[in-house]
Amino acid sequence: MAPISYLTRTESFSAAHRLHSPLLSDAENHALYGKCNHPNFHGHNYKVEITLRGQIDPVTGMVMNMVDLKECIRTSILDKLDHKNLDADVTYFQERPSTTENLAVYIWDSFEAVFKQHPARYRVRLYRVKIHETERNSVEYMGEESAETNGNHAV
């Protein structure tokens, strides 16, 4: 069996959003999200890390060609999110708050859809999406099932 390795590519994008839940009143949204609930939005220079887990190919010595990974990220993430208003330009966020947690799930799903179309010669899978909203705040998502789906009641 070939050795397993983790390959990470980091990219950046800029996007605006407003933290606002359609399930809460305006007053509740303001109390919960504070200045991030401003009706005219605010922006971030996000940094996203995509980590793949897979076998090192004995012929190429790679988990995946970085050129192919870069193209998958461009198509699935950057083209859809860079210089966009998440709430106005991305349908996914019209039904849920554009938190970094939800952004990580969106990026996971979007990347997976594009990645599955790539040549099967890569024996890899998406392992982790990590998003840095600021220098101090980041979120990681590893594709876990929700507590409702897997029968657990605690996260």
Side-chain angles (χ1 to χ4, degrees), residues 6-54 63-120 122 124-155:
Y6 296 82
L7 174 67
T8 301
R9 172 109 182 149
T10 304
E11 293 285 352
S12 298
F13 65 93
S14 298
H17 73 138
R18 175 189 187 202
L19 291 181
H20 188 89
S21 172
L23 303 176
L24 300 173
S25 70
D26 286 344
E28 290 170 319
N29 272 293
H30 181 71
L32 178 63
Y33 298 121
K35 67 180 182 178
C36 294
N37 181 246
H38 192 282
N40 291 328
F41 306 97
H42 68 282
H44 296 282
N45 294 317
Y46 293 96
K47 183 170 76 170
V48 61
E49 299 174 17
I50 300 295
T51 301
L52 304 177
R53 179 186 188 277
V63 170
M64 181 178 184
N65 188 317
M66 199 58 84
V67 171
D68 292 339
L69 178 54
K70 182 179 176 181
E71 179 61 21
C72 283
I73 292 171
R74 184 192 62 75
T75 304
S76 65
I77 301 167
L78 302 180
D79 287 353
K80 295 179 178 184
L81 300 176
D82 192 30
H83 287 81
K84 302 287 195 237
N85 180 321
L86 300 179
D87 303 306
D89 298 328
V90 183
T91 306
Y92 183 84
F93 294 111
Q94 293 174 1
E95 298 177 4
R96 61 190 50 82
S98 54
T99 61
T100 307
E101 294 88 339
N102 281 333
L103 181 58
V105 173
Y106 171 82
I107 287 174
W108 177 284
D109 292 345
S110 182
F111 181 85
E112 280 273 277
V114 169
F115 187 65
K116 286 179 181 178
Q117 298 172 8
H118 241 276
Y122 297 121
V124 300
R125 67 176 178 83
L126 180 55
Y127 177 75
R128 181 187 70 162
V129 169
K130 183 172 185 177
I131 303 172
H132 299 266
E133 181 183 60
T134 68
E135 287 183 16
R136 295 187 179 112
N137 300 333
S138 65
V139 168
E140 293 184 29
Y141 181 69
M142 299 172 82
E144 293 94 348
E145 295 180 14
S146 69
E148 297 82 26
T149 306
N150 67 20
N152 294 330
H153 296 288
V155 176

Note to self: I'd like to know whether Val48 forms a side-chain contact (heavy atoms from CB on, under 4.5 Å) with Thr10, so could you lay out the CA-CA distance, the side-chain angles of the two residues, the decisive distance to 0.1 Å, and finally the verdict.
What the structure shows: CA-CA 6 Å; Val48 61; Thr10 304; over 6 Å; no

Side chains of Thr51 and Leu7, heavy atoms from C-beta outward: is any pair under 4.5 Å? no

Minimal heavy-atom distance between Arg18 and Ser98, with the atoms involved, is O-OG, 3.3 Å

Task: Heavy-atom side-chain contact between Glu49 and Ser138 under 4.5 Å - done: no

Smallest heavy-atom separation, Ala16 atom then Phe41 atom, equals CB-CB, 4.4 Å

Taken to the nearest 0.5 Å, the spacing of Asp68 CG from Glu71 CD works out to 8.5 Å

Item to complete: Find out whether Leu81 and Ile107 are in side-chain contact, i.e. whether some heavy atom of one side chain is under 4.5 Å from a heavy atom of the other.
Response: yes

query = Distance-only, no hydrogens or angles: does the Asn29 side chain make a donor-acceptor pair with backbone N or O of Ser21 under 3.5 Å?
reply = yes

Donor-acceptor pair between Asp87 and His17 side chains, under 3.5 angstrom:
no

Does the side chain of Leu69 reach to within under 4.5 Å of the side chain of Leu52, using non-hydrogen atoms? yes

Original post:
Has His30 got more than 12 heavy atoms of other residues, nucleotides or ligands less than 6.0 Å from its NE2?
Top reply: no

- Angle class for the Phe115/Phe111 ring planes (parallel below 30°, perpendicular above 60°, tilted otherwise)? parallel

Can Asp82 and Ser14 be said to form a side-chain contact (heavy atoms from CB on, under 4.5 Å), step by step?
-> CA-CA 5 Å; Asp82 192 30; Ser14 298; 4.1 Å; yes

For Glu11 and Ile77, run side-chain contact (heavy atoms from CB on, under 4.5 Å): C-alpha distance rounded to whole Å, both residues' side-chain angles, the deciding distance at 0.1 Å, then the answer.
CA-CA 9 Å; Glu11 293 285 352; Ile77 301 167; over 6 Å; no

Could you walk me through whether Tyr141 and Arg128 pass the side-chain contact (heavy atoms from CB on, under 4.5 Å) test, one step at a time?
-> CA-CA 6 Å; Tyr141 181 69; Arg128 181 187 70 162; over 6 Å; no

Heavy-atom closest pair (Phe93 atom, Leu86 atom, distance to 0.1 Å) is CB-O, 3.6 Å

Checklist entry - Would you say Asp89 and Lys80 make side-chain contact, with heavy atoms under 4.5 Å? => result no

- Test item: His42 and Cys36 side chains (from C-beta on) under 4.5 Å apart, heavy atoms: yes

Which class fits the ring pair Tyr92 and Tyr106: parallel under 30°, tilted 30 to 60°, perpendicular over 60°? tilted

- Check the angle between the aromatic planes of Tyr6 and Tyr127 and answer parallel, tilted or perpendicular using the 30° and 60° thresholds. perpendicular

